[in-house]
Amino acid sequence: MGDSSQADGTLRVLTANLYGERLDLERFRVLLKDHDPDVVLVQELSFRAADVLAEFLPHGLLVPDHGYDGRGLALRAPGHLQILPMASRDGLRARLGPPAWPGSVEIVNVHLANPIVWPPWASLRLRRRQLDALMAHISGPAVRLVGGDFNASPAWPVYRRLTAHLDDAAKLLAKQKGTRPVRTWGPTPGTPKMLRIDHVFVEELKPLDAQVVALPGSDHSGLMVDVQLGQ
């Protein structure tokens, strides 16, 4: 995709929880080369993975970490970047528009707290504060894409609250094909995926395609979505 997206108005977005230092960096490099995304949203970003990501997408905001709080929003072309204040772990946002991009859109990357970290009541309280901040930000209408690791399957209240305002791109496309969205998380790298907790939500955007891609070394798969940006 890449430069060709400038011609047809298609934007390719990949969201991926990289599982810190466990990620297979060489195969991640191959993934970026083969799929050529325009925007990459990452969670659990290590310093070494940030270097690989910057090779392919030189713009954006990368905040690597030695633990689980690393994150990044990487762009093929320049955009207006900001922090989205959230409890414990801020989100990242970018406003894209002409002439660097074929249309205008806001991109938001979030990584919500794991709800089963002990003590669970503290984790759930933290998630509620994070979600409140996100919902306040997206309360107004906009051309928008919100992606990341939400640590929430469609059965969770977090997902239901988000889909009251935004569309689940993978679900929309699966419904059109008469299939089900593919699960994205398993308990350990290499094991079958059990839950769909990585999402791309859209507002005033038409999703064109969604695919789940392998992230060797991570307990997550990546979710890649193409949307129609230019009209």
*Point-to-point distance, once rounded to the nearest 0.5 Å, from CD1 of I116 to OG of S123*: 9.0 Å
Membership question, hydrophobic clusters at under 4.5 Å side-chain separation (ILVMFWY): are [Y] and [X] in the same one?
X    : Y    : result
V63  : L73  : yes
L223 : L173 : no
V39  : L81  : yes
L41  : I197 : no

Would you confirm whether [X], through its side chain, and [Y], through its main-chain N or O, come within 3.5 Å as a donor-acceptor pair?
X    : Y    : value
W101 : P78  : yes
R71  : E44  : no
Q130 : R125 : no
R12  : H35  : yes

*Going by the ring pair (Phe, Tyr, Trp, His ring centres under 6.0 Å) test, which pairs reach into residues 62-98, not counting sequence neighbours?*
F47-H66
_Residues that R27 engages under salt bridge (charged side-chain N to carboxylate O under 4.0 Å, His left out), provided they are two or more places apart_ = none
To which residues is [X] joined in a hydrophobic cluster, defined by side-chain heavy-atom contacts under 4.5 Å among Ile, Leu, Val, Met, Phe, Trp and Tyr, whether direct or through other members?
X    : result
L18  : L14, L23, L25, F28, L31, L32, V40, V42, L45, V52, L53, F56, L57, L62, V213, L215, M224
L124 : W156
V158 : L84, M86, V108, V110, L112, L131, L134, M135, I138, V146, F150, Y159, L162, L166, F201

_Test of understanding: with side chain to side chain donor-acceptor pair (under 3.5 Å), list the residues that count as partners of T184, not counting sequence neighbours._
D198
Given side chains that start at C-beta, do those of [X] and [Y] come closer than 4.5 Å, heavy atoms only?
X    : Y    : value
D219 : T188 : no
D65  : S46  : no
P141 : E204 : no

*Which of these passes side chain to side chain contact (heavy atoms under 4.5 Å, CB included) with I107: L11, L92, L75?*
L11
*With a 3.5 Å cut-off and no angle check, do the side chains of Q43 and D149 form a donor-acceptor pair?*
no
_For R183, is the CZ atom crowded, meaning more than 12 foreign heavy atoms sit under 6.0 Å from it?_
no
